[in-house]
Amino acid sequence: MKFGIYLHPQRPKVPVEQVLKKLQRAGVSYSPKEPDVAVVVGGDGTFGYYGRTLDVPLLFVGVHEHGVLGSRAKLAEVMFDKLEGALRDVEEGRFALAKRRMIRVGLNEKSTDVLTDVYVERGVFSGCMRYTVFVNENEKSAFTEHAIGNGVIFSTAFGSQGYYSYPNRLAGSLQKGAQVREDQIGICHVLPTLLVREKGDKRRTSRNLRYAVPFQSRIQVSLFRDTDTRLYGTTAHSRGVAVKLGDTIAITGSDRVARIIKMNNR
């Protein structure tokens, strides 16, 4: 079995030489071009990036960081200081593979698959975004939300412990973030000052800022005031992709799945 090493292209948590030493001490083979397993070291953003760009089984490895503001790496299966043992377990077959569904996210004519989440959020503009979210759940059920706020998050089940769960942390909850099932897409508005849901001929103010819809729902997001708005999570660039008045962001379930390594007894 051959192992590849994947780090954040601009901000790696550890030097690649340190990861190579772990592989050597574990006695496993390294292959930079055609690995059987991808060892992804970083935080949740790095996991999400390689999760949608690689087609081999993925071992997500977190790195302990000191301080309150350090990386949490909630999606990590093992921490870096335990990597050698995990590599030996994988080499000897002591692991399971979990298949995680992705969502497909498009901006105008370009689209990509996403393993964790994407979010549409204001950039340096100082005012709130004004936007609509149209959700077509099936032939008989559809609704539109009109919002003024900081933005909106769309999450897979796998990514729902990340940004999607921010209301739990704001409330000081020690519980895990709200769960999204594998057959759902999570939607969460970011600090809205106004949220109105329109269904049929009825329109009413909504307090339901976070919810889930069926996986094959067709979702569209558009601005109704031009602001400095960005779509984050479809590229490795930290600045995201610019969204302008007249653009359409489309989200639905994807046929692609990622294969995530789950360690036994860890």
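Values in this document were obtained by computation on a predicted structure and should not be read as measured data.
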Would you check, one step at a time, whether the test side-chain contact (heavy atoms from CB on, under 4.5 Å) holds for Thr229 with Leu223? CA-CA 9 Å; Thr229 300; Leu223 303 175; 3.8 Å; yes
If you count every heavy atom of other residues, nucleotides or ligands that lies below 6.0 Å from [X] atom [atom1], does the total exceed 12?
X      : atom1 : result
Asp255 : CG    : no
Arg197 : CZ    : yes
Glu34  : CD    : no

So among Arg101, Lys99, Arg100, which one has a salt bridge (charged side-chain N to carboxylate O under 4.0 Å, His left out) with Glu182? Arg100
What are the two closest heavy atoms between Gly51 and Ala258, and how far apart are they? O-CB, 4.0 Å
Drop me the distance from Leu231's CG to Thr112's OG1, to the nearest 0.5 angstrom. 10.0 Å
Rounded to the nearest 0.5 Å, how far apart are CD1 of Ile260 and CZ of Phe158? 4.5 Å
Any side-chain heavy-atom pair of [X] and [Y] under 4.5 Å:
X      : Y      : answer
Asp89  : Phe95  : no
Leu115 : Phe47  : no
Val39  : Leu87  : yes
Arg259 : Leu97  : yes
Ile251 : Ile187 : no
Leu170 : Leu191 : yes
Lys13  : Leu7   : no
Tyr163 : Glu121 : yes

side-chain contact (heavy atoms from CB on, under 4.5 Å) for Val221 and Phe154? Distances and angles first, verdict last. CA-CA 11 Å; Val221 185; Phe154 301 94; 3.4 Å; yes
Between Phe224 and His146, what is the ring plane arrangement, given parallel below 30°, perpendicular above 60°, and tilted in between? perpendicular
Short question: side chain of [X], backbone of [Y] - any donor-acceptor pair under 3.5 Å?
X      : Y      : answer
Arg225 : Cys128 : yes
Tyr131 : Gly151 : yes
Asp44  : Lys74  : yes
Gln184 : Arg181 : yes
Thr156 : Met102 : no
Thr252 : Ser217 : yes
Thr144 : Glu198 : no
Asn150 : Val190 : no
Arg210 : Tyr164 : yes
Asp36  : Lys2   : yes

Just checking, is any N or O donor in the side chain of Thr132 or Ser222 under 3.5 Å from an acceptor N or O on the other one? yes
Are Arg88 and Glu84 close enough for a salt bridge, meaning some N to O gap below 4.0 Å? yes
Would a hydrophobic clustering, with Ile, Leu, Val, Met, Phe, Trp and Tyr connected at side-chain separations under 4.5 Å, put [X] with [Y]?
X      : Y      : answer
Tyr211 : Ile103 : yes
Leu83  : Met263 : yes
Tyr119 : Val152 : no
Leu194 : Val133 : no
Ile185 : Tyr232 : no

Applying side-chain contact (heavy atoms from CB on, under 4.5 Å) to Ser29 and Glu91, what does each step give before you reach the verdict? CA-CA 9 Å; Ser29 299; Glu91 177 82 3; 6.0 Å; no
Test Arg104 against Ser111 for side chain to side chain donor-acceptor pair (under 3.5 Å), laying out the working first. CA-CA 7 Å; Arg104 177 158 289 255; Ser111 62; 3.1 Å; yes
Go through the steps to decide whether Tyr30 and Gln24 satisfy the test side-chain contact (heavy atoms from CB on, under 4.5 Å), and finish with yes or no. CA-CA 8 Å; Tyr30 168 61; Gln24 292 167 356; over 6 Å; no
